[in-house]
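A, B, ... follow the sequence lines: proteins, then strands. Residue 1 opens every chain.
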2 protein chains.
Amino acid sequence: MSVNKDYNEKQGQILTTAESLFSEKGFDGTSVRDIAEKAGVNVAMISYYFGSKEKLMETIFERRTEHIRLRVESLMKDDSIDYIGKVHLIIDEHIEKAFSKFQFYKLMVCEQVINKNPVILDIIKEVKKRNMQVITELIRKGQEAGVFRSDVDVILLFSTMYGTVSHMIIGSDLYREISGLTHLSEEEYYQHLKQLLSKHLKQIFKAILTHEA
Amino acid sequence: MSVNKDYNEKQGQILTTAESLFSEKGFDGTSVRDIAEKAGVNVAMISYYFGSKEKLMETIFERRTEHIRLRVESLMKDDSIDYIGKVHLIIDEHIEKAFSKFQFYKLMVCEQVINKNPVILDIIKEVKKRNMQVITELIRKGQEAGVFRSDVDVILLFSTMYGTVSHMIIGSDLYREISGLTHLSEEEYYQHLKQLLSKHLKQIFKAILTHEA
DNA sequence: TTATATCAATCAAACGTTTGTTTAACTTTG
DNA sequence: CAAAGTTAAACAAACGTTTGATTGATATAA
């Protein structure tokens with residue numbers, strides 16, 4: 001599948017800089033000269049290493065795909081963790097990944113709206129499907145064990161998890177201002193947000209998965 | 001405040017076409033020649049009527065601001081509707097507005113990520129604050145009446161409502177495919193989604209606002 | 001009633017930049 | 001010395017915007 005290629009120092013510099021600029025100004029709002037200058041390389045190096053601006057973007061997505069995929073699959077088989085505990089693992093892993101690579105998550109949202117590049121859309125589609133399967137499987141087992149309700153819509157639950165977190169990341173500036181937490185550093189505020197989101201989503205998941213209608 | 005200007009036929013045509021193209025291809029991905037051609041006007045008319053491409057975008061946002069604002073404020077004072085009923089009104093109005101102007105909502109999400117134009121960011125900020133105040137006020141009254149829990153985080157609740165709906169709209173193609181509902185028309189599928197989202201969000205709000213932790 | 005002035009609307013063409021990409025010469029590396 | 005890395009310069013295409021001429025309708029004056 002997705003081969004984990006190695007990138008040299010200059011390639012890595014270009015990828016990281018481009019990811020940052022794309023997420024700040026969008027794909028079309030960022031010029032290759034912007035990227036080259038900020039990455040400290042010559043403009044021609046982008047074509048030389050990645051072929052084109054478009055393929056540079058695709059490479060960014062390929063590189064991060066590995067990151068987005070939920071890694072809790074092995075823990076799902078651990079019998080010492082109960083079903084609610086496993087749901088908590090999924091929620092916390094998603095929050096952690098989204099915040100640790102928030103620039104990429106912003107980029108992902110924009111690229112889904114501006115559905116131009118089919119290669120990128122496919123990458124997003126595959127990883128979303130994959131992550132949703134993990135959750136579907138867990139819920140199915142929980143239902144068989146009689147712990148979870150039988151009428152759970154996984155897509156809606158998934159949308160609430162992804163949607164709430166994305167929306168918080170995208171609107172974090174506004175919400176920091178409203179909360180009156182402007183004295184916190186971005187890092188401190190993000191830690192605070194992660195904790196709030198974790199508690200909030202766990203409460204929602206518990207209600208939807210276990211309470212009676 | 002926001003004066004409701006009148007636009008002639010040609011101006012309206014430009015605004016509608018631009019909104020559609022911006023939401024499909026992004027602001028920087030859309031050229032003024034694209035807009036002019038699709039709207040059936042000369043390129044110069046865009047500068048002539050709106051001053052610049054940037055100001056055209058701002059005009060789109062000013063025009064739609066009126067639309068986004070929750071209009072349930074009067075119903076909030078109606079004593080014949082209970083607190084849960086009022087929460088339902090807010091949820092359904094938000095869903096209805098988001099789906100009826102889904103192109104604009106996509107555009108809003110992208111513009112929040114690509115925080116370039118301060119005029120537009122201010123418009124988004126103001127309307128979000130405004131809508132959140134409506135909900136805050138309702139919840140506060142419900143708390144005083146002893147119907148709602150005392151430890152409710154309005155920002156999180158608001159994020160779940162906006163986030164879940166946005167995420168569904170943005171990823172609707174993928175979710176239609178996964179649900180196996182490709183035989184439905186876009187309109188039919190949206191009606192279906194609206195119904196699901198309404199039930200889902202009402203369940204979440206009820207759990208967070210009324211259940212004990 | 002003509003004739004003339006006024007003004008917004010409309011257009012093709014041109015403006016100067018910026019865009020992504022390529023070239024061809026040069027340097028470094030193994 | 002051959003291959004890979006690196007560069008400034010050049011490329012055509014596309015960009016947002018402006019220009020200057022032209023239209024057509026309305027108001028003013030003879």
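Here A/Phe205 pairs with nothing under the ring pair (Phe, Tyr, Trp, His ring centres under 6.0 Å) rule; sequence neighbours left out. Partners of B/Glu54 according to the salt bridge (charged side-chain N to carboxylate O under 4.0 Å, His left out) rule, which considers only residues two or more places apart in sequence or in another chain, do not exist here.
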Identify the pairs formed between an N or O of the protein and an N or O of nucleotides 24-27 of chain D at a distance under 3.5 Å, and give each distance.
none

What protein N or O atoms touch nucleotides 12-15 of chain C N or O atoms at under 3.5 angstrom, if any, and at what distances?
unit_1 : atom_1 : unit_2  : atom_2 : d
C/dA12 : OP2    : B/Asn42 : ND2    : 3.2
C/dA12 : N7     : B/Asn42 : ND2    : 3.4

Below 3.5 Å between N/O atoms, which protein atoms pair up with nucleotides 28-30 of chain C? Just atom names and distances, please.
none

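Contacts between residues 50-58 of chain B and DNA chain D, defined by a heavy-atom separation below 4.0 Å, involve B/Ser52, B/Lys53, listed by number.
Taking the ring axis of A/Tyr48 as reference, the NZ or CZ atom of A/Lys10 does not stay both within 45° of it and closer than 6.0 Å to the ring centre. Relative to the ring axis of A/Phe27, A/Lys116 does not place its NZ or CZ within 45° and under 6.0 Å from the centre.
Within 6.0 Å of the NZ atom in B/Lys202, the count of heavy atoms belonging to other residues, nucleotides or ligands exceeds 12. Other residues, nucleotides and ligands place no more than 12 heavy atoms under 6.0 Å from the NZ atom of B/Lys38. Heavy atoms of other residues, nucleotides or ligands lying less than 6.0 angstrom from CD of B/Gln195 number 12 at most. The environment of B/Glu73 atom CD is dense: over 12 non-hydrogen atoms of other residues, nucleotides or ligands sit within 6.0 angstrom. Annotation: B/Lys199, atom NZ; neighbour count of heavy atoms from other residues, nucleotides and ligands within 6.0 Å does not exceed 12.
Counting to the nearest Å, the P atom of D/dT17 and the CD1 atom of B/Ile14 are 13 Å from each other. At whole-Å resolution of the value, OH in A/Tyr49 and P in C/dT21 are 17 Å apart. For the pair A/Met45 CE and C/dT23 P, the interatomic distance rounds to 16 Å; values are reported in whole Å.
Closest contact between the side chain of A/Tyr48 and the listed nucleotides C/dG20, D/dA4, D/dT7 involves D/dA4. Set against C/dG20, C/dT10, C/dT22, the side chain of A/Ser47 has C/dT22 as its closest nucleotide.
Panel note: side chain B/Lys53, backbone B/Thr30; a donor-acceptor pair is recorded below 3.5 Å.
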